[in-house]
Undergrad: 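I have a structure here, written as structure tokens, and I will follow up with some questions on it.
To find a chain, count down the sequence lines: A is the first, B the second, and so on, and within it residues start at 1. Quick note: numbers below take in every heavy atom, side chains included, and nothing from hydrogens, waters or symmetry partners.
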Protein chains: 2
Amino acid sequence: MRDSGYTIQDMAERCGMTAHTLRYYERVGLIQPVSRARNGHRRYSEADEAWLHFLHCMRATNMPIRAMQRYAELRELGDSTSLERRKILEDHRAAIASQIKDLEQAHAMLTHKIANYKKIEQRTRIGGPLAEEAVNCRLATAG
Amino acid sequence: MRDSGYTIQDMAERCGMTAHTLRYYERVGLIQPVSRARNGHRRYSEADEAWLHFLHCMRATNMPIRAMQRYAELRELGDSTSLERRKILEDHRAAIASQIKDLEQAHAMLTHKIANYKKIEQRTRIGGPLAEEAVNCRLATAG
DNA sequence: CCTTGACTTTGAGCACGCTCGAAGTTGTAC
DNA sequence: GTACAACTTCGAGCGTGCTCAAAGTCAAGG
């Protein structure tokens with residue numbers, strides 16, 4: 001049974017999701033009902049793939065399903081919803097920027113803390129005094 | 001009733017969590033049993049605050065509770081666990097780096113897509129032809 | 001013919017991380 | 001003395017986002 005298009009498994013692999021997730025996304029309206037082969041099996045198009053990649057990318061950056069549903073809904077409604085859709089994207093971009101900021105801070109903090117651990121391990125190896133508290137309790141402001 | 005130290009509410013505010021969450025963290029072993037005032041109310045120390053800030057920071061960057069529990073456990077076990085603790089931090093730092101990468105990619109993609117929306121809105125306003133597909137279906141590689 | 005395997009639907013279940021409700025105790029203010 | 005607010009414990013409940021189980025259909029291969 002061919003009927004042109006990707007099977008659900010193919011698409012799952014291509015998009016880094018499971019077949020379960022693809023059906024779920026369809027169920028909750030993130031993707032319009034997918035076309036079917038004669039035997040009733042789903043057949044995904046290239047356009048579906050692009051859209052699913054987009055969804056995957058938004059999810060991977062913590063956009064809530066709710067927001068994605070709203071976006072999908074507006075998309076179905078056509079051109080007149082362009083402004084609202086853009087706003088959703090802009091909001092999410094802002095959310096991403098904020099996440100990046102938090103992550104970068106944490107990254108720097110961990111780098112400090114890890115350096116501290118290394119120092120301590122060094123000292124421990126040569127039998128020096130321990131200063132674990134500096135690592136554990138001061139959020140790595142310690143030198 | 002004083003008995004020196006922060007109340008659970010104070011600490012919740014200082015750490016950007018709720019009192020509920022503080023009790024929960026204690027329950028699941030993320031923080032050692034907190035000292036009590038004579039009336040049985042919790043009193044948090046400065047050391048508790050630093051540790052809670054650290055926990056908050058790790059959670060905010062998506063470290064699973066499980067990993068935090070492991071780290072806390074090792075910390076209780078003392079100096080000999082230094083290497084394993086460092087490994088946990090290094091793993092999490094790597095996870096953070098990977099998250100940042102994804103977020104930056106998504107950010108760039110959204111910037112493209114948003115620019116596209118603006119273009120389309122411009123054209124629509126002056127009565128030009130619509131090209132929404134470029135925005136919706138090509139993950140913003142479209143010009 | 002019969003097995004195998006990929007699909008289908010529906011609804012239930014799960015992991016995570018809180019979040020809340022109920023019932024009780026204290027300490028302070030009026 | 002009595003109202004009120006802030007805490008206590010315990011266990012249950014919840015929102016999110018999947019994830020899976022059951023029962024069935026279909027097509028191809030041996």
Undergrad: Calculate the interatomic distance between A:Met11 atom CE and C:dA6 atom P; express it in whole Å.
TA: 19 Å
Undergrad: Measure CE/A:Met17 against C1'/D:dC18 and give the value in whole Å, please.
TA: 12 Å
Undergrad: Using a 3.5 Å cut-off and no angle test, enumerate the donor-acceptor pairs between side-chain atoms of residues 96-105 of chain A and protein atoms at least two apart in sequence or in another chain.
TA:
residue : atom : partner : partner atom : Å
A:Gln99 : OE1  : A:Asn62 : ND2          : 2.6
A:Gln99 : NE2  : A:Thr61 : O            : 3.2

Undergrad: Would B:Lys87 count as a cation-pi partner of A:Tyr117, with NZ or CZ less than 6.0 Å from the six-membered ring centre and within 45° of the ring normal?
TA: no
Undergrad: With sequence neighbours left out, write down each residue that passes side chain to side chain contact (heavy atoms under 4.5 Å, CB included) with B:Ala72, or none if nothing qualifies.
TA: B:Trp51
Undergrad: Going by the rule side chain to side chain contact (heavy atoms under 4.5 Å, CB included), which residues pair with B:Ala67 if we only count those two or more places apart in sequence or in a different chain?
TA: B:Met63, B:Pro64
Undergrad: Would you mind listing every salt bridge (charged side-chain N to carboxylate O under 4.0 Å, His left out) that reaches into residues 58-70 of chain B, with sequence neighbours excluded?
TA: B:Arg70-B:Glu73, B:Arg70-B:Glu84
Undergrad: To the nearest Å, give me how far apart CZ (B:Arg38) and P (C:dT26) are.
TA: 14 Å
Undergrad: Which whole-number value in Å describes the distance from A:His56 NE2 to D:dG17 P?
TA: 15 Å
Undergrad: Please determine whether a side-chain nitrogen or oxygen atom of A:Arg43 lies at a distance below 4.0 Å from atom OP1 or OP2 of C:dT8.
TA: no
Undergrad: Identify all pairs in which a protein N or O lies below 3.5 Å from an N or O of nucleotides 17-19 of chain C, and state each distance.
TA:
residue : atom : partner : partner atom : Å
C:dG17  : OP1  : B:Arg59 : NH1          : 3.3
C:dG17  : OP1  : B:Ile65 : N            : 3.4
C:dG17  : OP2  : B:Ile65 : N            : 3.3
C:dC18  : OP2  : B:Tyr25 : OH           : 2.9
C:dC18  : OP2  : B:Arg59 : NE           : 3.0
C:dT19  : O4   : B:Arg27 : NH2          : 3.0

Undergrad: Contact class for A:Arg23 vs. all strands (heavy atom < 4.0 Å): base, sugar-phosphate, or nothing?
TA: base
Undergrad: Check side chain to side chain contact (heavy atoms under 4.5 Å, CB included) between A:Asp10 and all other residues, then give those that pass, not counting sequence neighbours.
TA: A:Tyr6, A:Thr7
Undergrad: From CG of B:Leu22 over to P of D:dC7, roughly how many Å is that when rounded to an integer?
TA: 11 Å
Undergrad: Working to the nearest 0.5 angstrom, can you tell me the gap between A:Tyr71 OH and A:Glu76 CD?
TA: 11.0 Å
Undergrad: Could you give the CE-to-P distance, from A:Met58 to D:dG17, as a whole number of Å?
TA: 14 Å
Undergrad: Mind checking what makes side chain to side chain contact (heavy atoms under 4.5 Å, CB included) contact with A:Ser35, not counting sequence neighbours?
TA: A:Arg43
Undergrad: With respect to the phosphate group of D:dC26, does any side-chain polar atom (N or O) of A:Arg36 fall under 4.0 Å of OP1 or OP2?
TA: no
Undergrad: Provide, to the nearest angstrom, the distance between the CG atom belonging to A:Asn39 and the C1' atom belonging to D:dG24.
TA: 14 Å
Undergrad: Is there any salt bridge (charged side-chain N to carboxylate O under 4.0 Å, His left out) pair reaching into residues 12-30 of chain A, and which pairs are they, with sequence neighbours excluded?
TA: A:Arg14-A:Glu49, A:Glu26-A:Arg36, A:Glu26-A:Arg42
Undergrad: Could I get a table of every N or O pair under 3.5 Å where one atom is in the protein and the other is in nucleotides 4-6 of chain D?
TA:
none

